[in-house]
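What follows is a set of notes on a single structure, which appears directly below.
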Amino acid sequence: MSKSRIVIFGGSFDPIHVGHLALAREVCRQGLAREVWFMVSPQNPHKQDCCLSDERHRLNMVKLAIDGDEGFVASDFEFTLPRPSYTINTLAALEKHFPDKEFCLLVGADNWEKFDRWHRHDEIVARYGIIVYPRGNEEQPPLPNGVVWLKSPLYDVSSTMVRDLVSKGGSIDAYVHPAVAQYIHENKLYI
Ligand code: ATP
C-alpha cells in the first residue's frame with residue numbers, strides 16, 4: 001500500500017494569515033498532498049526570534065484558522081524536539097514517528113534561493129522532496145530532481161503586516177480568520 005503524502009508547511013505563524021491558508025489550499029487543490037501540516041516552529045535558526053509570541057498562542061491560532069478544513073493539521077511536533085530544530089532533524093523524526101506517511105517540504109522561492117545554506121540540504125531534497133512556491137514575480141528556476149514548482153497566485157499579506165496593523169489599532173479582518181482576530185484581541189497580542 002502506498003504511503004499517504006504529507007506536505008510540511010513550517011513557519012512561525014505569528015499569526016497565521018489568509019496567505020498561508022490560501023497557499024495550503026492550493027497545494028491540496030493541485031493534488032500534491034493528502035494533507036498539509038502547519039508545523040509551528042518554536043525557534044527558527046534563520047530568523048531572529050527575540051520577539052516571537054508564545055508558541056502555545058501561535059499553535060492555538062493555527063488550530064482556530066484551520067478548523068473545519070479537511071486535510072489541514074496544526075502540528076506542535078517541533079515543540080518536543082531539541083532546539084534549534086533543523087528541518088532535516090524534524091523530517092527524520094517525523095518519518096520515524098509516522099512510518100505510514102511520506103513527508104515533503106513546502107518552501108517559498110525566497111527560501112529556495114538560499115536553500116544551499118540549510119543544514120544537510122542535499123539530503124532533504126534526496127530523501128523527502130520539496131515543493132517551491134513563488135513569492136514574487138520570479139520565473140521558475142531550473143530545479144533538481146525531487147523539487148517541484150507550484151504554480152500559485154501571490155497573496156499580498158504577511159504576519160508582520162498583521163502585527164503592525166494590530167499595534168496601530170487597524171482592522172485585520174481582511175487578513176486573518178475571524179476566530180484568529182478574536183483570539184488576538186482577547187489575548188491582547190501585538191499591542
Ligand atoms: P513574518 O512577516 O513574521 O516574517 P510571514 O508572514 O512570512 O511572517 P511565516 O510564519 O514566516 O509568516 O510564514 C511561514 C511561511 O509562509 C514562510 O516560509 C513564508 O515564506 C510563507 N508565507 C508567508 N506569507 C506568505 C504569503 N503571503 N504567501 C505565500 N507564502 C507566504
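As the structure lists them, so they are numbered: ligands from 1, and atoms in each ligand from 1. Please read these numbers as outputs of a predicted model, since none were measured by experiment.
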Output yes when the distance from some N or O of ligand 1 to some N or O of [X] is under 3.5 Å, and no in every other case.
X	value
Gly10	no
Arg135	yes
Asp110	no
Asp14	no

Checklist entry - Can His97 and Phe77 be said to form a ring pair (Phe, Tyr, Trp, His ring centres under 6.0 Å), step by step? => result CA-CA 10 Å; His97 210 267; Phe77 191 78; 5.6 Å; yes

Item to check | Sub-4.0 Å heavy-atom contact, Gly108 with ligand 1 | outcome: no

Checklist entry - Which of parallel (below 30°), tilted (30 to 60°) and perpendicular (above 60°) describes Phe38 and Phe9? => result tilted

Item to check | Mode of Met161 contact toward ligand 1 - side chain, backbone, both, neither (heavy atoms, under 4.0 Å) | outcome: neither

Interfacing atoms of ligand 1 (cut-off 4.0 Å, heavy-atom, [X]):
X	result
Arg163	3 (O)
Phe13	10 (O)
Asn111	18 (O)
Thr160	1 (P), 2 (O), 3 (O), 4 (O)
Ser158	2 (O), 6 (O)
Tyr155	26 (C), 27 (N), 28 (N)
Gly11	10 (O), 14 (C)

Is a side-chain donor-acceptor pair under 3.5 Å present for [Y] with [X]?
X	Y	result
Asp14	Tyr190	yes
Thr90	Glu78	yes
Glu26	Tyr133	no

Checklist entry - Is the shortest side-chain N to carboxylate O distance from Lys151 to Glu139 below 4.0 Å? => result no

Checklist entry - Would you call Arg135-Asp110 a salt bridge at under 4.0 Å N-O? => result yes

Checklist outcome for this item: Of Tyr133, Tyr175, Phe9, Phe38, the one whose closest heavy atom lies nearest atom 18 (O) of ligand 1 is Tyr133

Next on the checklist: When you measure from the side chain of Ser171 to the backbone of Asp173, do you find a donor-acceptor pair of N or O atoms at a distance under 3.5 Å?
Outcome noted: yes

Item to check | Considering all heavy atoms, the nearest Ser152-Pro134 contact | outcome: O-CG, 3.5 Å

